[in-house]
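I have placed the structure first, in the form of structure tokens, so that the comments after it can refer back to it.
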Number of protein chains: 2
Amino acid sequence: MTGHGSNGHGNSKRGRVTLRDVAEAAGTSRSTASRALAGNGYVADSIKARIQEAADRLGYVPDVSARTLKGQSSGLVGLLVSDLRNQFYAQLAAGVEQTLAAAGQQLVLVDDHGSEDQAAAGARAFLSMRAAGVLLAPVGKAATQALVDRGMPVVEVDRRSGVRGCDSVTIDSELGAREAVGHLLARGHRRIAMITDETAWDTGQARLKGYRAAHREAGVPVSRRLVLTLGLRPADPIGDVSAFLDQNPDVTAVFAANNVVGEAVWQELKRRGQRVPADCSLVCFDDMTWMRMVEPGVTAVRQPVYDMGVRAAEMLLKRATGIGGRPAAEVLQPELVERGSTLAVPQR
Amino acid sequence: MTGHGSNGHGNSKRGRVTLRDVAEAAGTSRSTASRALAGNGYVADSIKARIQEAADRLGYVPDVSARTLKGQSSGLVGLLVSDLRNQFYAQLAAGVEQTLAAAGQQLVLVDDHGSEDQAAAGARAFLSMRAAGVLLAPVGKAATQALVDRGMPVVEVDRRSGVRGCDSVTIDSELGAREAVGHLLARGHRRIAMITDETAWDTGQARLKGYRAAHREAGVPVSRRLVLTLGLRPADPIGDVSAFLDQNPDVTAVFAANNVVGEAVWQELKRRGQRVPADCSLVCFDDMTWMRMVEPGVTAVRQPVYDMGVRAAEMLLKRATGIGGRPAAEVLQPELVERGSTLAVPQR
DNA sequence: TGGCGAGATGGGATCGTTCCCATGTGAGAA
DNA sequence: TTCTCACATGGGAACGATCCCATCTCGCCA
């Protein structure tokens, strides 16, 4: 269907068809061929057609390396995420990819697995390939700083490292947490556990802040023992949750600070035969597929993750082309999706 | 923490630090600097140290475009998937990324959204950037053919287009389907619906074949009306499933041919208040997070998706470096995970 | 003492593209 | 007739790294 099959050779040396080959085939110079294919500068229509035809016939594909070397953009945009296996980052990447593809740019994806070293390596790679810009979910300041220092356009996504000079697109974590916990408080819950897996990142901090703010607003004191921090990449999250619930049998509701924790909490509640929400209510930050599949559905703070990817990519593209003014910080709003996992506090 | 902050300039022109700058700073020639940093050829230890120091001080980052242009590999590997938002492809990409990163290569991710045109555009981009190789989940023959014709190492993943000259890593879909349906037949089910969303790809075909084979083995005739094909990217899958169930009230079990369909079936069964498995059993091809979160858990054919990504990437790396012999076709085994969604056929 | 080869360095060509500039047309104005 | 200017084309120098090859200095052996 493609045409000539495997016989489309015509280049003198080995393998690649270069602009020179096209020019020779069309009987012109490389300069003219370049102008004809790029579409700028003067080229007679008849010659332009001949060159185009030759390019098609030979199967000419321009070499980005050469183009990039000459000073153009590489057409590559880097994206650094912390765990592609997590649906959150996958959605983010999907939004980014979609936007970049529409603009004719390619997505280079690096997973740092939460390690600053890996992030630094990724940043170096992006620099090395002359990426048009970089989107990153920061795991520390080093990578962002290195990129910004070298004048690379950077947009931070989901989290912020605090480095000056880069744009950001985030979701209002504090607001989301406040609404989620406020929702529980309004239903009479007074001993609400918050379980989180990291507090090093600003998202974790903000969610904790929201948890506290909701309590303050409701005039309910928050007890330190009700906040469980598992740490990033916990070895046995379910076991930890289990131990925590053993020690705090009085909690009537759990606020899980992200989807990974939420999964562990849900499984542990099921394992110990607790009914949700009759025995314990549950709200998760970050709405996942499974939360609407289970019975009852899990009340969750929905984050516009895909859109965040889209917006971040758009912002980066603008920054990469135009000169752009001061760093922009866009904050998207989360939305509380009420399902069946939250009930008024059980009377006992 | 990084060191000198934003004052690490020392280059003559604007922006980039090149090998020439490093050489000048170290008082040697570009040739020597190149040899010192690449680590091949003769360089006196003292000079090598001086060059290394200068490179670090100036923050030298080699330019891949230049290196690539000179004939080296670009260090980029393309991956073409059909829907990044689908956890299946995200897992696949994660496996690929992990393996490539360990080998110092970068992943360029393109989503074709199931469109042959987009796939072709992606292929052109990979060619253009002189990718070291390409991994793709084919949506047709065109893209693969174009790449293979030009001597690009290609490994097809999950599906095969039938193009000669490329490696492949797939999962035995027919076996998986046969086991899943056999599992239902062994429990007495005789009217088992198969619901799928595409039959253009060989995975869909193989699953249908497995469905038929299982029936043949059990000596149960298969009725055409029990196979529902929604088509790729159906507008209203749940509605279609609903209509199908209305027309075929006698089915006692459903075999959903992939996770997307499985989701629709599960939701529709829930919506119409059917109890799983009491009223209707369910088996899904492709195990997803939600299937082990719901109650009862959904019996599913687990595919080693992440591993498939790993193996495909390994295969490609080998092919890209060595000369490699004849095309290899690796087939991974799926595994039936029995959960609560399948029961012996209800007696009525 | 001459020669040879390992150790060490630099010069310059090369990869494929873009783009600046020089050169060359012909038409229309002065 | 000559000048100008829009149109049209090709030559050649970049871009930054690599690598072949020429050069040069030793130490050591015949």
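Residue numbers begin at 1 in each chain, while the letters A, B, ... track the order of the sequences.
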**Single hit among B:V155, B:V134, B:L79, B:T321 for side chain to side chain contact (heavy atoms under 4.5 Å, CB included) with B:L316** = B:V155
**Set of salt bridge (charged side-chain N to carboxylate O under 4.0 Å, His left out) partners for B:D63, sequence neighbours left out** = A:R130, B:R16
**Request:** May I have the distance from B:L58 (atom CG) to D:dG16 (atom P), rounded to whole angstrom?
**Result:** 14 Å
**Message:** Nearest whole Å is fine: how far is C:dA8 P from B:I51 CD1?
**Reply:** 13 Å
**Fill in**
Residues passing the side-chain hydrogen bond (donor to acceptor under 3.5 Å, both in side chains) test with B:D112, sequence neighbours excluded, are B:S82
**Prompt:** How would you list, by chain and number, every residue that makes a side-chain hydrogen bond (donor to acceptor under 3.5 Å, both in side chains) with B:E156, sequence neighbours excluded?
**Reply:** B:T144, B:S161
**Prompt:** Taking DNA chain C as the partner, which of residues 27-44 of chain A come within under 4.0 angstrom of it by heavy atom?
**Reply:** A:R30, A:S31, A:S34
**Item:** Between the first and last five pairs of the helix from C:dT1-D:dA30 to C:dA30-D:dT1, the angle of the axes, rounded to 10 degrees
**Value:** 70°
**Message:** Can you measure A:R20 atom CZ to D:dG12 atom P for me and round it to whole angstrom units?
**Reply:** 12 Å
**Item:** Under 4.0 angstrom between B:Q72 side-chain N/O and D:dC19 OP1 or OP2
**Value:** yes
**Request:** List in chain and number order the residues that pass side-chain hydrogen bond (donor to acceptor under 3.5 Å, both in side chains) with B:T32, two or more places apart in sequence or in another chain; answer none if no residue qualifies.
**Result:** B:S29
**Asked** Can you tell me how far C1' of C:dG16 sits from CG of A:D21, to the nearest Å?
**Response** 10 Å
**Spacing between A:L19 atom CG and D:dC15 atom P, to the nearest angstrom** = 20 Å
**Message:** Quick check: any donor-acceptor pair below 3.5 Å linking the side-chain of A:K70 to the base of C:dT17?
**Reply:** no
**Asked** Can you check the A:L69 CG to C:dC19 P distance for me, whole Å?
**Response** 13 Å
**Request:** Applying salt bridge (charged side-chain N to carboxylate O under 4.0 Å, His left out), name anything that partners A:E330, two or more places apart in sequence or on another chain.
**Result:** A:R311
**Request:** Under the side-chain hydrogen bond (donor to acceptor under 3.5 Å, both in side chains) rule, collect the residues that match up with A:D167, sequence neighbours excluded.
**Result:** A:R319
**Rounded distance (Å) that lies between atom P of D:dA8 and atom CZ of A:R50** = 14 Å
**Item:** Qualifying residues under salt bridge (charged side-chain N to carboxylate O under 4.0 Å, His left out), relative to A:D83, sequence neighbours excluded
**Value:** none
**Prompt:** Does the salt bridge (charged side-chain N to carboxylate O under 4.0 Å, His left out) test come out yes or no for B:R57 and B:E53, once each step is laid out?
**Reply:** CA-CA 6 Å; B:R57 184 162 45 81; B:E53 184 272 335; 3.2 Å; yes
**Complete:** In whole angstroms, the gap separating P of D:dG11 from CD of A:E24 amounts to 12 Å
